[in-house]
Amino acid sequence: MSEKSPSYIEALQGIDSASGSQHSLSYDTQKTGVAFDQEIPNEQTSHQKLQTHLSEAPDGGIRAWLAVFAQVQIHLIEIFLQISAFQVFQAYYQENLLPHTPPSTIAWIGSTQACLILYALVCLPSLATGRLFDLGYFKIPFFVASCVLVACTFLTAECTQFWQLFLTQGVGLGMGCGFVFSPAIIIVSHWFSKRRGLALSITAVGSALGSIVFPVTAQNLIPLIGFRWTVRVFGLTLAATMGTASIILKRRLPPVNVRGGLFNLKAFRDKAYSTYCISATIILLGFYTELTYISVSAVTIGVSKDFSFYIIAIANAASAFGRVSSGLLADKIGALNTIIVFTAITGITTIAWPFAKDESQLIAIATIHGFSIGAYISLYSVPAVAMGEMEDAGRRVGMFVSLTGFGSIAGPPISGAICTATGGFVDAGYYSGSIIFGVALLLVARHLHLGRLWGKF
């Protein structure tokens, strides 16, 4: 390696030193229009050598686990902004701030926000951030988006009308989350290969913890200090956690200017990838219905308003165990196989949820449902990353979540409209149970990718 490429050497720090092999990687500067590419040696290197380096993820080490810790921080705070915590705001807006607004209309705030956040799943922002990440732009967009998140959180505290909440909490927070969340997941994939399922499931535990902390905190703080100061407390917490994450989160691999723009249409020639995208859209149409409306449905069967919030916390606590368990299982039998089993259970519990007649039944269903959703939440990006090359992973995952995000943005409002029209939750449960059809398509995607009915994937 020449002395003219110190930045390149630093970019490859963290690769397993036991490999003992040295490879010269280069990128054609004439094919890139970005300034940082000038620092990369202008030598011709085969695609196979690049793939060799990509496969040598250290699967551990200080920097690798710092990346996981940073992602946990992002998950922890962003759960306040995601739909799995929006049920707190859904109930508060419906009962206090917007009592004359239909539940299906209020749900558009959370579903729009969820569509623009990765976990539910990052929609439009991820299309741009995935491509920017592949090109090497990460730190500046991450910092700017973090500032937008903090500003919109404090603005949410000042909102009094639906359109204000929709713009700040729905669009502003959703867009900000989309810009920070997707690249962070790809960075974790840089550092882990054989233990990728476990690493990503650990990062997702942060959102489970946040799902417990923030709803319970909001439920107790709102009567004490009011809605505005509760949101301001969350804003200060957000500033601290995002600041920490922006400092310690670093990529391992150098940027690569893969040909093409935001979309790599050739990726859809892979039938397995296309089927996986379709299945995710169908799954997300019903995936968050139960979490969005379970606190409201609990009150209708006689559960106190105070305890209805704790049912959500119980579901999210179970989700923490589900995420870790699914991560361990994914490294043994494959991420997609794990998702298929757990998500099938999610579909069944979504159909069963409206039939709960008392508090104990609702707690049982919420616990099983919370445990089962952990797999999809923590592992959905693993098959998308595996269905192509690592240097194009950001764009490929960005396309996946951008397309499937339409399922998450439409799902809760459709469920809310069904609840309003029927006066109950049974039909909404049947509608959301269409998750099972999405699971059937996951089986098809696995078959198309492996070429056989069963195998580790």
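- A donor-acceptor pair under 3.5 Å is formed between the side chain of R396 and the backbone N or O of V385.
- The number of heavy-atom neighbours closer than 6.0 Å to CZ of F143, taken from other residues, nucleotides and ligands shown, is 12 or below.
- Applying the side-chain contact (heavy atoms from CB on, under 4.5 Å) rule to S246 yields the partners F142; only residues at least two apart in sequence or on another chain are considered.
- Looking only at side-chain heavy atoms (C-beta outward), F138 and L132 stay at 4.5 Å or farther from each other.
- Within a 6.0 Å sphere centred on CD1 of I140, other residues, nucleotides and ligands contribute 12 heavy atoms or fewer.
- The line from CD1 of I363 to CG of D358 is 9.0 Å long, rounded to the nearest 0.5 Å.
- The shortest side-chain heavy-atom distance between L291 and I373 falls under the 4.5 Å cut-off.
- I339 is not listed as a side-chain neighbour of V439, based on a closest heavy-atom distance of 4.5 Å or more.
- If you take OG1 on T289 and CG on L284, they are separated by 10.5 Å, rounding to the nearest 0.5 Å.
- In this structure, the separation between NZ on K332 and CG on L198 is 10.5 Å, given to the nearest 0.5 Å.
- For CH2 of W229, the number of neighbouring non-hydrogen atoms (other residues, nucleotides, ligands) closer than 6.0 Å is 12 at most.
- Looking only at side-chain heavy atoms (C-beta outward), F268 and M399 come within less than 4.5 Å of each other.
- Sorted by first and then second residue, the side chain to side chain donor-acceptor pair (under 3.5 Å) pairs involving residues 268-287 (not counting sequence neighbours) form an empty list.
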Kindly list each side-chain donor-acceptor pair under 3.5 angstrom involving residues 445-452, sequence neighbours excluded, with atom names and distances?
{"unit_1": "R446", "atom_1": "NE", "unit_2": "L453", "atom_2": "O", "d": "3.3"}
{"unit_1": "R446", "atom_1": "NH1", "unit_2": "N337", "atom_2": "OD1", "d": "2.8"}
{"unit_1": "R446", "atom_1": "NH2", "unit_2": "L453", "atom_2": "O", "d": "2.9"}
{"unit_1": "H447", "atom_1": "ND1", "unit_2": "R452", "atom_2": "O", "d": "3.3"}
{"unit_1": "R452", "atom_1": "NE", "unit_2": "W454", "atom_2": "O", "d": "2.9"}

Q.
Please evaluate residues L379 and S326 with respect to the criterion side-chain contact (heavy atoms from CB on, under 4.5 Å), reporting the C-alpha separation (whole Å), side-chain torsions for both, the decisive distance (0.1 Å), and the verdict.
A. CA-CA 8 Å; L379 299 174; S326 64; 4.0 Å; yes
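- Across all their heavy atoms, A70 and L249 have their closest contact at CB-CD1, 3.7 Å.
- For the residue pair V180 and M242, the shortest heavy atom distance occurs at CG2-CE, 4.0 Å.
- A 4.5 Å side-chain heavy-atom check between K456 and I333 finds every atom pair outside the cut-off.
- Rounding to the nearest 0.5 Å gives a distance of 9.0 Å between CZ of F307 and CG of L362.
- Between I340 and L442, the closest heavy-atom pair is CG1-CB, 3.7 Å.
- From T244, atom OG1 reaches atom CG of L66 across 11.5 Å, with rounding to the nearest 0.5 Å.
- Residues D427 and Y431 fail the side-chain proximity criterion, which asks for heavy atoms closer than 4.5 Å.
- Of all heavy-atom pairs spanning A67 and I187, the tightest one is CB-CG2, 4.2 Å.
- Heavy atoms only, all atoms of each residue included: L200 and S378 are closest at CB-O, 3.6 Å.
- Other residues, nucleotides and ligands contribute over 12 non-hydrogen atoms within 6.0 Å of the CZ atom of F355.
- Evaluation of the side chain to side chain donor-acceptor pair (under 3.5 Å) rule for S297 yields W353 as partners, not counting sequence neighbours.
- T346 places a side-chain heavy atom less than 4.5 Å from the side chain of H369.
- Contact record, I418 with A428: CG2-N, 3.6 Å, taken as the closest heavy-atom pair.
- With values rounded to the nearest 0.5 angstrom, R195 atom CZ is found 9.5 Å from L328 atom CG.
- A heavy-atom distance below 4.5 Å is not found between the side chains of S432 and L285.
- The environment of F154 atom CZ is dense: over 12 non-hydrogen atoms of other residues, nucleotides or ligands sit within 6.0 angstrom.
- None of Y288, F371, F342, F287 except one satisfies the ring-ring contact (aromatic ring centres under 6.0 Å, His included) rule with Y376; the exception is F287.
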Q | Derivation of the side-chain contact (heavy atoms from CB on, under 4.5 Å) call for F425 and V296 | A | CA-CA 10 Å; F425 299 94; V296 179; 4.1 Å; yes
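- Between the side chain of S434 and the main chain of Y430, no donor-acceptor pair closer than 3.5 Å is present.
- Judged as a salt bridge (charged side-chain N to carboxylate O under 4.0 Å, His left out), the pairs with a partner in residues 219-244 (not counting sequence neighbours) are, in order, E158-R228, E158-R232.
- Applying the side chain to side chain donor-acceptor pair (under 3.5 Å) rule to T350 yields no partners; only residues at least two apart in sequence or on another chain are considered.
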